[in-house]
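Quick notes on the structure that follows.
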Amino acid sequence: QVQLVESGGGLVQAGGSLRLSCAASGRSFSTYAMGWFRQAPGKEREFVSGISWSGYNTNYADSVKGRFTISRDNAKNTVYLQMNSLKPEDTAVYYCAATNANTWSVRSVDYWGKGTLVTVSS
């Protein structure tokens, strides 16, 4: 069992930056791939970024490539999402996710956090 708690969301102007954190508790955190999804009002939850258990492999949605960076610190049981050059369309609830699957999809996630709201004003 893995519990995930996100933090770092808030209100930021377009062009600004935020760093999200996800603290994990429970066993075997370092064996899970970790990632971030987001859900905007009226839209489906979508993949944003993922990182392998080792941290060597990362994936990004096309919409955030070059602006967002995912990282993890297995010693601290924490995964991060650095978000730069934020746009109003990045406004959403951001969810931390853990999976043992080899693919990133809503269905492949084993554990979810409760989410943190990011609002980007124009």
Side-chain angles (χ1 to χ4, degrees):
Q1 190 81 359
V2 176
Q3 293 81 40
L4 305 173
V5 179
E6 303 95 336
S7 62
L11 174 64
V12 64
Q13 288 188 332
S17 299
L18 281 175
R19 188 176 83 153
L20 305 183
S21 299
C22 173
S25 60
R27 297 181 177 180
S28 304
F29 166 79
S30 61
T31 67
Y32 284 88
M34 300 295 297
W36 293 90
F37 287 71
R38 67 186 181 187
Q39 188 165 18
K43 295 188 177 181
E44 294 185 350
R45 194 170 297 190
E46 64 176 3
F47 171 75
V48 175
S49 182
I51 187 167
S52 62
W53 67 269
S54 66
Y56 289 139
N57 297 309
T58 58
N59 302 88
Y60 297 93
D62 288 343
S63 59
V64 307
K65 280 181 181 177
R67 301 188 298 122
F68 291 10
T69 303
I70 191 170
S71 61
R72 68 188 294 164
D73 186 337
N74 286 344
K76 296 182 178 180
N77 281 9
T78 303
V79 63
Y80 305 96
L81 186 68
Q82 178 67 44
M83 305 186 295
N84 298 329
S85 301
L86 283 162
K87 305 175 181 179
E89 52 263 44
D90 294 318
T91 295
V93 176
Y94 283 70
Y95 296 91
C96 183
T99 182
N100 274 322
N102 292 322
T103 183
W104 282 106
S105 69
V106 172
R107 293 182 179 180
S108 71
V109 171
D110 295 304
Y111 300 102
W112 292 101
K114 293 186 177 181
T116 185
L117 177 62
V118 172
T119 304
V120 184
S121 63
S122 57

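These numbers were taken from a predicted model, which means no experiment stands behind them.
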### Query
With hydrophobic residues grouped by side-chain heavy-atom distances under 4.5 Å, do V109 and V106 end up in a single group?
yes
### Summary
Closest non-hydrogen contact found for T116 with L20 is CG2-CD2, 4.0 Å
### Message
Are L117 and F37 linked, directly or through intermediate hydrophobic residues, by side-chain heavy-atom contacts shorter than 4.5 Å (ILVMFWY only)?
### Response
yes
### Task
State, to 0.1 Å, how close M34 and A98 come at their nearest heavy-atom pair, and which atoms those are.
SD-CB, 3.5 Å
### Task
Go through the side-chain N and O atoms of S52 and S54 and say whether any donor and acceptor fall under 3.5 Å apart.
yes
### Within-4.5 Å side-chain heavy-atom neighbours: I70 and Y60
yes
### Message
If we ignore hydrogens and angles and just use 3.5 Å, is the side chain of D110 paired with the main-chain N or O of N100 as donor and acceptor?
### Response
yes
### Task
Using ring pair (Phe, Tyr, Trp, His ring centres under 6.0 Å) as the criterion, point out the one residue from W104, Y95, W36, F68 that pairs with F47.
W104
### Task
Determine the minimum heavy-atom distance between M83 and L86, stating which atoms define it.
CB-CD2, 3.8 Å
#### Entry: From CA spacing to verdict: side chain to side chain contact (heavy atoms under 4.5 Å, CB included), S63, R38
CA-CA 12 Å; S63 59; R38 67 186 181 187; 3.4 Å; yes
### Query
Got a donor-acceptor contact below 3.5 angstrom from the Q39 side chain to the A92 backbone?
no
## Note on the structure
dist D73:CG -> S30:OG (nearest 0.5 Å) comes out at 11.5 Å
### Task
Starting at OG1 of T58, measure out to NZ of K65 and round the result to the nearest 0.5 Å.
9.5 Å
### Query
Is there a salt bridge (Lys or Arg N to Asp or Glu O under 4.0 Å) between D90 and K87 once you walk through the steps?
CA-CA 5 Å; D90 294 318; K87 305 175 181 179; over 6 Å; no
### Query
Taking all atoms of both residues into account, what is the closest heavy-atom pair of S85 and S17, and its distance?
N-OG, 4.3 Å
### Task
Mark yes or no for whether N74, through its side chain, and W53, through its backbone, hold a donor-acceptor pair below 3.5 Å.
yes
### Task
Enter the distance from C96:SG to Q3:CD here, rounded to the nearest 0.5 Å.
12.0 Å
### Summary
Scanning both residues in full, the closest heavy-atom pair of V93 with G115 reads CG1-CA, 3.8 Å
### Task
Report yes or no: does S108 contribute a side-chain atom to a donor-acceptor pair with the main-chain N or O of T103 at less than 3.5 Å?
yes
### Query
Which heavy atom of Y32 sits nearest a heavy atom of R72, and at what distance?
O-NH1, 2.8 Å
### Cluster overlap I51 with Y111, hydrophobic side-chain contacts below 4.5 Å
yes
### Query
Roughly how far, to the nearest 0.5 Å, is the OG atom of S121 from the CD atom of Q13?
5.0 Å
### Query
Is a side-chain N or O of S21 found less than 3.5 angstrom from the main chain of Y80, in a donor-acceptor match?
no
### Transitive ILVMFWY side-chain link L4 to L18, under 4.5 Å
yes
